[in-house]
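What's counted below: heavy atoms across the whole structure, side chains too, no hydrogens, waters or symmetry copies. Below, read A as the first sequence line, B as the second, and so on, with proteins coming before strands; counting in each chain starts at 1.
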Amino acid sequence: MAENRRRVSEARRFDASNALLHWFESHRRELPWRESRDPYRVWIAEVLLQQTRVATAVRYYDRFLRQFPTVQALARASEGQVLKAWEGAGYYGRARNLRRAAQEIVRRHGGKLPQDVEALEELPGFGPYTAAAVGSLAFGLPVAALEANGMRVLSRYFGIRGDVTLAPNQRRLRSALQGWVHQGPSGPMNEAVMELGETVCAPQSPRCPECPLERGCVLRRERWDPRSVPGRPRKPPVPRVSASIAIIDRNGRWYVQRRPGEGLLGGLWEFPGGKIQPDESPIEACRREVREETGWTPTRLRLLGTVQHDYTHLHVTLHVFGSRCAASAPGPRTGTGRRWVDPATFARLPIPRATQKASQLMSHHL
DNA sequence: GATCCGTGGGG
DNA sequence: TCCCCAAGGAT
């Protein structure tokens, strides 16, 4: 809109980028990934931080780098090892892509991350943000790394109303950030915007009196409701489903299967089971799903308890059943991605959170 | 452009 | 309880 463009030019009179850089010098938090500008370490941090809170990423960062200290080490690792290191972090495609990208960097770039944004963006798991972040933070390239914090800070500062996920507003925001990035060192400038968005320009209740940009901020000057900027499309209500799973025990070993390599929880291990059909009881669903998935019909199923687990777009109530399989019985089929594991082996497999919760129910019944 | 892909914390 | 949100990317 013309109105948005007018506001952008008005706000430019205040030297926001300079004020922001000065603020960042004194408010920069000590974070593990800020101790080094090594491209590999910057990369790992950026991927960990995708759609993930700083506090969560901190829990994984050092441990991941101890286990995979170099691009080469990551490239050599098995997918299972990398997924195990990523266990609980969510969005497991990030871990799979990390390993694939490491292999590509070794094969095509001599083991070093390429020093230009276009080459970075060709690597798996590198989108516009991550390529710009690594480019600016590790290599000092003058590129705008725009993510959720930046969209919030900039849309408020320049008074850009409307849905920030729309392409025209995206271009406007990126262009505004690019303007700031040209005013100073690109890495610190990008980081400063993110830092401000996280610690001051918060989504629901921003701490405007502490903000170095308050003087030029349209949101502040025109007294807009902070919750209305940035604008986002409404999200539909989250559906609820019920499912049953079986923890089949034979001589202290549990039967587990590996999920398909792509898609939801791809490559992780879990117990057999599935959704409960409309006119089906939890135990009937459990028996049917186990038979369908393993070729074996479970006996003596007993309910151990229920587990509640929430995905972004799905709330699941999990009915967890225990079952004994006689030592002499054939039991479920084994093979690729299907095996019996003792507790120590189970602990070494990458397991989704919901399955971990379920396994705790079983442990309590031993 | 719309949808999928996890998990955890906060109001 | 419910909803929002988060250093996005892939398809």
Practice item. Check every strand shown and say whether A/R53 touches a base, only sugar-phosphate, or nothing at a heavy-atom separation below 4.0 Å. Key: base

Can you list, pair by pair, the side-chain donor-acceptor contacts under 3.5 Å of residues 123-134 of chain A, counting residues two or more places apart and other chains?
from: A/Y129; atom 1: OH; to: A/E46; atom 2: OE1; distance (Å): 2.6
from: A/T130; atom 1: OG1; to: A/Q50; atom 2: NE2; distance (Å): 2.9

Check your understanding: Does A/Y92 put a side-chain nitrogen or oxygen below 4.0 Å from OP1 or OP2 of B/dT7?
Key -> yes

Exercise for review: Among residues two or more places apart or on two chains, list those pairs meeting ring-ring contact (aromatic ring centres under 6.0 Å, His included) that have a residue in residues 275-314 of chain A.
Suggested key: A/H309-A/Y311

Review point. Within the pair A/R232 and C/dA6, is there a side-chain N or O less than 4.0 Å away from OP1 or OP2?
Key: yes

**Study point:** Nearest-Å distance for atom pair CD/C1', residues A/Q51 and B/dC4
**Key:** 12 Å

Check your understanding: Would you say the side chain of A/T52 and the base of B/dG6 hold a donor-acceptor pair, judged only by whether the two atoms sit under 3.5 Å apart?
Key -> yes

Exercise for review: Choose from C/dG8, B/dC5, B/dG6 the nucleotide whose nearest atom is closest to any side-chain atom of A/Y311.
Suggested key: B/dG6

Review point. Using a cut-off of less than 4.0 Å, is there contact between a side-chain N or O of A/R152 and OP1 or OP2 of C/dC5?
Key: no

Review point. In whole angstroms, how far is the C1' atom of B/dC4 from the CG atom of A/L314?
Key: 12 Å

Review point. Take atom CZ in A/R227; do more than 12 heavy atoms of anything else shown fall under 6.0 Å from it?
Key: no

Practice item. Identify whether any heavy atom of A/P124 sits under 4.0 Å from a base atom; if not, whether one sits that close to sugar-phosphate; answer base, sugar-phosphate or nothing. Key: sugar-phosphate

**Study point:** Closest nucleotide among B/dG9, C/dG9, B/dC5 to the A/Y91 side chain
**Key:** B/dC5

Exercise for review: Report which part of the nucleic acid A/W33 touches: base, sugar-phosphate, or nothing (heavy-atom distance under 4.0 Å, all strands).
Suggested key: base

Review point. Do A/T199 and A/R29 have a side chain donor and acceptor closer than 3.5 Å?
Key: no

Point to revise | Nearest-nucleotide 5' precedence on DNA chain C, A/F126 against A/M194 | key: A/M194

Point to revise | Between A/Y157 and A/R220, a side-chain donor and acceptor under 3.5 Å | key: no

Check your understanding: In whole angstrom, what separates A/H315's NE2 from B/dG8's P?
Key -> 15 Å

Study note, to complete from the structure: From CG of A/D310 across to P of C/dC4 the rounded distance in Å is 14 Å

Point to revise | Members of residues 262-273 of chain A that approach DNA chain B, where some heavy atom sits under 4.0 Å away | key: A/G263, A/L264, A/L265

Exercise for review: Check whether the side chain of A/T130 and the base of C/dG8 form a donor-acceptor pair under 3.5 Å.
Suggested key: no

Review point. Does A/H313 make a side-chain N or O approach to OP1 or OP2 of B/dT3 shorter than 4.0 Å?
Key: no

Check your understanding: Once you round it to whole Å, what is the distance between C1' of B/dG9 and CD of A/E198?
Key -> 12 Å

**Study point:** Heavy-atom neighbours of A/E292 CD exceed 12 at 6.0 Å
**Key:** yes

Practice item. Choose from B/dT7, C/dA10, C/dG8 the nucleotide whose nearest atom is closest to any side-chain atom of A/N97. Key: C/dA10

Exercise for review: Using whole Å, report how far CD of A/Q308 lies from C1' of B/dT7.
Suggested key: 14 Å

Point to revise | Within 6.0 angstrom of A/R215 CZ, more than 12 heavy atoms from elsewhere | key: no

Review point. Among C/dA6, B/dG6, B/dG8, which is the nearest nucleotide to the side chain of A/R94?
Key: B/dG6

Check your understanding: Can you check the A/M151 CE to C/dC4 C1' distance for me, whole Å?
Key -> 15 Å

Exercise for review: Consider only side-chain N and O atoms of A/R100 and A/Q103, and report whether a donor and an acceptor are under 3.5 Å apart.
Suggested key: no

